[in-house]
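Presented below is the structure to which this report refers.
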Amino acid sequence: MIITTSKPFEEVLQELEGEDKVFIVGCGLCSTTCETGGEDQVAEMKAKLEAEGKTVTGTTVYDEVCHELNTKRKFRENKEAVGAADSFLVMTCGAGIQSVREATEQAVHPANNTVFLGNILRQGQFTEKCSLCGDCVLEDFGAICPVTRCHKGILNGPCGGTDEGKCETDKEKDCGWTLIYNQLDKMGKLDRFRKIYGLKNWQASMKPGKVIFEKKGEGGE
Amino acid sequence: MTLLIKKHTKPGIKEIFESGTFLVSGEIGPPKGTDIDEMIEHIDLLKDKVHAMNITDNQSSVMRYPSLGTALIIKEHGGEPNLQVTCRDRNRMAIEADLLFAYTRGIRSVLCLTGDSIPVGDHKEAKAVFDLESVQLLQLISGMEAGKDTGGNELGGGVEFYKGAIVTPEAHPIEPQMIKFEKKIEAGAQWFQTQAVYDMENFKRFMEAARKINDKVKICAGLVLLTSMGAIRYMNANVPGVFVPDNLVEEMKEAPKGEALNTGIRILARQIRQCIDEKLCDGVHIMAIGKEGAVPKILEEAGVDITKM
Ligand code: SF4
Ligand code: SF4
């Protein structure tokens, strides 16, 4: 899931300076789980903006704001409120915000910061375990990612800063390499750690990423 | 090939070891800014007292005068530089280019480090590189020595360095460290400096384990000068991989007012003596961290004179 946090309200207000008619977009998936752009947060944002003297021409919350065709369709459905707005405040991840960018000529503003692709530990607690490197090496590391769970993303073992299983950057964070070592040890696969890992291809997923699948018949669009 | 430097006047680290001499090295921490007079004083002070000088590379992720530039200054002044290269600020291309330059200017030994993380330093919002790490850096150099860069392209004239690396005897847990030590040797490391060691009993155990893994690589104990209680508190809290044990903390605490530095000097001299007398390792690396002026006194107290070794 894509983890987002809310920008401070003052920053949002600054973004909207000089634009009085605002349409708010939230997302029913990730931003709802993160409580940064679900129905409740969108209603709250509407009330706060109105208290600041803004006119909220409409709001919408739907699944997959990142789906560009979907977003264009939603905007057609809300034609009137969308047309009356001079700007859009998008309470989703960066992908959703840019999906809205494709659907309107008006100003588009981010209400959230997008922080990482995250695992859900429990409600309101998220952690990063994969950073989308494009060439997955989990097989070699006991299914614990050194690229992401080690702060430095290094591939040949812990750095000199690790201490009692914690990372040199933050004593509250596990050292990814200690986790990997313990996992491989438990599996009796320390030989994998003994093997030198050569340079990684950091361009495996070259920015901006692009994937086009061959049509697979059923289900293909 | 033309080496753009004067002929070497001093033996390199490799030759020191080959002659069976106990290596004594020091360290130069470049300043933040262009006032380099004090650094040059330190270089002049150390160049004949130690066999070689490490130059730290934006140590602790704090931006400073560059290690490569300082290595050249050391050569100009007749000293022997040991160039530290970290992977935090430069990608494989930048490192390769720097190494080409270093080789043509007569730098013969390179110490390969991963580098501290950005958040421990003074440019907390910088983008960290870590395109590679210490083991891969050793491999990169081995590859360049064989005539190719990491893009697989032939070099018109290769390099040759005496390749050093770091090992942390006081790491917890120690097992992964020891495996990494082995990997560094496999990747081409010919000698090691340890991270700061304070607990000499632990260091002995480490050396036994290390010798079992490989009894040919040279290992030098990294010894840090304790200067004050404040410095100890700072190191324990902020310097990755450094832990000053209680007995030394006590010894420093008991130092009379104004005697902290002298106590630190005495401790370090004692550690050097122990390394030599008990033949614990192949050399010592003295890290005086800003107090380079104290190094001659440390060596004198330890009874070490490299001109007589
Ligand atoms: S190796 Fe790459 S793709 Fe696999 S989990 Fe780590 S970051 Fe994600
Ligand atoms: S302490 Fe562990 S997780 Fe942190 S940078 Fe070093 S190896 Fe990576």
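The model shown is predicted, which means the values in this text are computed figures rather than measured ones. Protein chains get the first letters and strands the later ones, always in sequence-line order, with residue 1 at the start of each. For the numbers below, each heavy atom of this structure counts, side chains included, while hydrogens, waters and symmetry mates do not.
- If you tally non-hydrogen atom pairs under 4.5 Å between each of B:Thr150, B:Asp131, B:Leu140 and chain A, the highest count goes to B:Asp131.
- Summarising the geometry of B:Glu133 relative to A:Asn156, their closest heavy-atom pair is OE2-ND2, 3.0 Å, with the distance given to 0.1 Å.
- Within a 6.0 Å radius of CD in A:Glu172, other residues, nucleotides and ligands contribute 12 heavy atoms or fewer.
- B:Lys148 NZ: 12 or fewer foreign heavy atoms inside a 6.0 Å radius.
- Contact of the A:Tyr181 side chain with the B:Ile179 side chain is registered, since non-hydrogen atoms from C-beta on lie closer than 4.5 Å.
- In this structure, A:Glu168 and B:Val120 approach most closely via the heavy-atom pair O-CG1, 4.0 Å.
- Under the 4.0 Å criterion applied to side-chain N and carboxylate O atoms, A:Arg194 and B:Glu182 are assigned as salt-bridge partners.
- Counting non-hydrogen atoms of other residues, nucleotides and ligands closer than 6.0 Å to NZ of B:Lys212 gives a total of 12 or fewer.
- Counted within 6.0 Å of CD on A:Glu164, heavy atoms from surrounding residues, nucleotides or ligands total more than 12; the atom is thus considered enclosed.
- Contact check for A:Trp177 versus B:Pro176: no side-chain heavy atoms found under the 4.5 Å cut-off.
- Both the backbone and the side chain of B:Ala187 come within contact range of chain A, judged by heavy atoms closer than 4.5 Å.
- Between the CD1 atom in A:Ile154 and the SG atom in B:Cys87 there is a gap of 9.0 Å [rounded to 0.5 Å].
- Surrounding CD of B:Glu250 are more than 12 heavy atoms belonging to other residues, nucleotides or ligands, all under 6.0 Å away.
- For A:Lys200, the part sitting under 4.5 Å from any heavy atom of chain B is the backbone (N, CA, C, O) and nothing else.
- The part of A:Lys195 that comes within reach of chain B is its backbone (N, CA, C, O), which places non-hydrogen atoms under 4.5 angstrom from that chain.
- Both the backbone and the side chain of A:Leu155 come within less than 4.5 Å of a heavy atom of chain B.
- Annotation: the span from A:Tyr197 atom OH to B:Gln136 atom CD amounts to 10.0 Å, rounded to 0.5 Å.
- Contact of B:Arg88 with chain A is not made at all, since no heavy-atom distance falls under 4.5 Å.
- For A:Lys46, the NZ atom counts as loosely surrounded, since its 6.0 Å shell holds 12 or fewer non-hydrogen atoms of other residues, nucleotides or ligands.
- Heavy-atom contacts from other residues, nucleotides or ligands closer than 6.0 Å to NZ of A:Lys21 number 12 or fewer.
- Minimum interatomic distance between B:Ser117 and A:His151 (heavy atoms only, all atoms of both residues): CB-CD2, 3.5 Å.
- Considering CG of B:Asp116 and SG of A:Cys159, their distance stands at 8.0 Å, rounded to 0.5 Å.
- Closest approach of A:Thr169 and B:Pro119 over heavy atoms only: CG2-CG, 4.0 Å.
- What you find for B:Phe130 and A:Trp202 is that their closest heavy atoms are O-CZ2, 4.2 Å.
- Closest of all the heavy-atom pairs between A:Ile196 and B:Lys183 is CD1-O, 3.4 Å.
- Within 6.0 Å of atom CE in B:Met93, 12 or fewer heavy atoms from other residues, nucleotides or ligands are found, so the atom counts as exposed in its surroundings.
- Contact tally against chain A (heavy-atom pairs below 4.5 Å) for B:Gln177, B:Arg92, B:Gln139: the top residue is B:Arg92.
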